Protein chains: 2
Amino acid sequence: MITKRQKLVLEAVILDYVQTCEPVGSRTVARKYMPQVSSATIRNEMSDLEELGYLSQPHVSAGRVPSDNAYRLYVDHLIREGLIDTTPREDTQRALSSRMHQTEDVVQAMAQALCDWTHYTTVIMTPRQRDLRVSTLQLIPLRPGAALLVIVTDSGIIRDAVVNVAEDLDADKLYAISRVLADKLGGKSLGEVQGILHSFSQFVEGDPKVLHGIADLARQIQKQSSNDTLIICGSENILYHPEYADVQKARRFLKVLEDEDKLIRLMRHSSSEGLGAFIGSEIGIADLEGCSIVTAAYQAGKGSRGTVSIIGPTRMNYQQVLQSLSSTADMLSRMLRRTT
Amino acid sequence: MITKRQKLVLEAVILDYVQTCEPVGSRTVARKYMPQVSSATIRNEMSDLEELGYLSQPHVSAGRVPSDNAYRLYVDHLIREGLIDTTPREDTQRALSSRMHQTEDVVQAMAQALCDWTHYTTVIMTPRQRDLRVSTLQLIPLRPGAALLVIVTDSGIIRDAVVNVAEDLDADKLYAISRVLADKLGGKSLGEVQGILHSFSQFVEGDPKVLHGIADLARQIQKQSSNDTLIICGSENILYHPEYADVQKARRFLKVLEDEDKLIRLMRHSSSEGLGAFIGSEIGIADLEGCSIVTAAYQAGKGSRGTVSIIGPTRMNYQQVLQSLSSTADMLSRMLRRTT
DNA sequence: GTTAGCACTCTTTCGAGGCGAGTGCTAAAC
DNA sequence: GTTTAGCACTCGCCTCGAAAGAGTGCTAAC
């Protein structure tokens, strides 16, 4: 077990290291954080903390650097002790109040606010679309043989896809079909919609071209609903941090952000609700060595969960990040419930 | 006037410098590009070229580096002599053939292909939306008092906006209104639509709430149509180039790309048709020092012009870039004409 | 248990010296 | 008159070594 004073020393090291990105020496801790004891005492404590695996020395005559374990302890402490204040920041609220109606614009704006404020990279995953429920849908004529299918879901997310339809369908006929479809499909999740559409094409009698159109539509929905959407914002922020003074490293970081599938898999693994964090090697991606990912889950409609997360160097201001994420997730949940 | 052989030397310096990013010495030019003459001869030519302002030396015992003027000469030469082959690359065609119907997806895919292939940053400006013509439109009920307006334009670009409508309008009523509106507005440009809608709200008698909805709609269209859209792709590619080994510089570069307004103004100034280039200081943005922007214009529908451009270090493979841009613009023009 | 003192280690910084690349100039050759 | 060989000169870059500085661990005293 770790003593009270060791905790204090550890916290001091973390705070100072987060600020300066330089190994922290015993004298610094004593002077800036714990003036009541001498540097020699701190030195002893630090030596013990190193043995416990919470600190390490880049080299023998340098100060100490917190380990992944140290950050873990610190973050768990922050979360458990409820030191996170979810009051949203002013500018996030301003972004929201500028009366944007369309969900995805709002999410985009929040991502932007988040990464402006934290100077890290923001990734928001919108919920798996198969879990979204159809609120209404409509077919709009584009050109002979093609129509635009617009699906409005319960959380306000709008999806559109171009589908092939029979050549002879005009606007009125498409509208009639839309009404029937909307009637049958309203309230169903996008996942269910596929199955229903397939059974349609087996049982309904009618123009084979229309049936072809319906199958096409099912396929499009399948395609649309099977992937979650990621909104990535401020990836260039990584260049602000001295850990990434090496361009090679920055490039590898940005490369990972391009691989959306990998990120999505990662986000899905994050703690099922509330706040969570992957610290350093916990991420399990070699190219993200030295990074942490902090995530917060939000609810969109019933049962479908999205995450909002921040990726930055392990040496990260966890307090600030947890706070921002927490309030953002909170607002997102409230917003997306509102439109249900 | 510049002699034939000076041109050859200049071209050799440019080609070698573009490849290596190192000052080019006389011996290198003689050995690799002009084995028929000696390095001393090249040395004399280079000295003259420096006097003419086409070459410069980073320091006295280094090789020569081409100046902005040199690139200008070279690019003008390439364009004027018709050395640009517009045959599209295979993978660009593949991206297109993967049957994407929606214009914006196609444009996105082309941007991606372009920056994968060139390793520079691609910026595509879609045409000013006020010039787009309405093909059809439809109002879709979202919730009481709000509807989604979907406008399909002649070039296949789809715009949607949430508008406030009277509370008592159900799907059928909205559809009826849509038909009337589509009838009145079809073929008009988005710019004209605003005016027409305003005159509506003065002359049509009816439910004031509907009128309010129409005014709201006009405002939304105004907002949507007044800004051009930029698609930026591969901004992190800049990190691949040794000029940007300095993180500070890379950051400034990425910062400029975030300022869309500035970019749009720049794109608008580019040569009104065909190929054009801003080389180095011609750009006129301090933070883009050492960069060039090459642009190609494309037509989308009648009268509305978009540009596709590539931003990279001044030391850029202009031949390749001009070629890729030219063929991409060509394909875009053809594609967007098709859907008219 | 805490602290002062001190020897020790290791990085960082700075300057000197040598190396190499490339030039400009001169004089000779074509 | 143009081209070429030869040579002295310049200047950036690399390496090496010494000095400085930061921080530790240990010991002995409080």
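Order of the sequence lines sets the chain letters (A, B, ...), proteins ahead of strands, with each chain counted from 1. Because the structure is predicted, anything quoted here is derived from the model rather than measured.
Listed by residue number, the members of residues 9-21 of chain B with any heavy atom below 4.0 angstrom from DNA chain C form an empty set.
Here the shortest heavy-atom pairing between A:Ile14 and A:Pro66 reads CG1-CB, 3.9 Å.
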Carefully, step by step, assess A:Tyr33 and A:Thr28 under the rule side-chain hydrogen bond (donor to acceptor under 3.5 Å, both in side chains). CA-CA 8 Å; A:Tyr33 299 89; A:Thr28 310; over 6 Å; no
Evaluate A:Arg251 against B:Glu236 for salt bridge (Lys or Arg N to Asp or Glu O under 4.0 Å), listing each step before the verdict. CA-CA 7 Å; A:Arg251 205 157 69 202; B:Glu236 74 282 2; over 6 Å; no
When you look at B:Ile124 and B:Thr307, which way does the side-chain contact (heavy atoms from CB on, under 4.5 Å) test go after all the steps? CA-CA 6 Å; B:Ile124 298 188; B:Thr307 59; over 6 Å; no
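If you measure from atom CD of A:Glu45 to atom P of C:dT2, you get 7 Å, rounded to the nearest angstrom. Atom CG of A:Leu49 and atom C1' of D:dT24 are 15 Å apart (whole Å). Atom CD of B:Gln36 is separated from atom P of D:dT2 by 18 Å (rounded to the nearest Å). Taking atom CG of residue A:Asp48 and atom P of nucleotide D:dT24, one finds them 14 Å apart after rounding to whole Å. Remark: C1' of C:dG22 and CE of B:Met46 are 10 Å apart, rounded to the nearest angstrom. The distance between atom CZ of A:Arg27 and atom C1' of D:dG25, rounded to the nearest whole Å, is 17 Å. The interatomic distance linking A:Met34 (CE) with C:dT2 (P) rounds to 10 Å, in whole Å. Counting to the nearest Å, the P atom of C:dG24 and the CD1 atom of B:Ile42 are 13 Å from each other.
Along DNA chain C, the nucleotide nearest to B:Arg64 and the one nearest to A:Asn44 differ in position, and the one closer to the 5' end is contacted by A:Asn44.
Aromatic ring centres of A:His241 and A:Tyr120 lie closer together than 6.0 Å.
A distance of 15.5 Å separates OH in A:Tyr54 from CE in A:Met46, rounded to the nearest 0.5 Å. Rounded to the nearest 0.5 angstrom, B:Ile311 CD1 and B:Phe278 CZ are separated by 10.5 Å. Note that CG of B:Leu114 is 7.5 Å distant from OG of B:Ser327, once rounded to the nearest 0.5 Å.
Listed pair A:Arg5 / C:dT2 meets the phosphate criterion, a side-chain N or O lying under 4.0 Å from OP1 or OP2. Regarding contacts with the backbone of C:dT3, a side-chain N or O of A:Thr41 is found under 4.0 angstrom from either OP1 or OP2.
Where the helix from C:dG1-D:dC30 to C:dC30-D:dG1 starts and where it ends, the local axes point in directions that differ by 20°; five pairs per end, rounded to 10°.
Considering only side-chain atoms of A:Ser38, the nucleotide from C:dT3, C:dG24, D:dT24 that sits closest is C:dT3. Closest to the A:Gln57 side chain, of the nucleotides C:dG24, C:dT3, D:dG25, is D:dG25.
The pair B:Lys32-B:Asp16 meets the salt-bridge criterion, with a side-chain N (NZ, NE, NH1 or NH2) lying under 4.0 Å from an Asp/Glu carboxylate O. With respect to the salt-bridge test (charged N to carboxylate O, under 4.0 angstrom), the residues A:Lys249 and A:Glu243 do not qualify. Salt-bridge formation is not detected for the pair A:Arg72/A:Asp68: no Lys NZ or Arg NE/NH1/NH2 atom is positioned less than 4.0 Å from an Asp or Glu carboxylate oxygen.
Applying the side-chain contact (heavy atoms from CB on, under 4.5 Å) test between B:Ile293 and each of B:Met267, B:Met316, B:Glu282 identifies B:Met267 as the sole match.
When heavy atoms are screened at a 4.0 angstrom cut-off, A:Ser26 is found touching the sugar-phosphate backbone but no base atom.
If you check distances only, the side chain of A:Arg43 never reaches the base of C:dG1 with a donor-acceptor pair under 3.5 Å.
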Sort me out a list of protein N/O and nucleotides 7-10 of chain C N/O pairs below 3.5 Å, or just none if empty.
residue: C:dC10; atom: O2; partner: A:Ser61; partner atom: OG; Å: 3.0

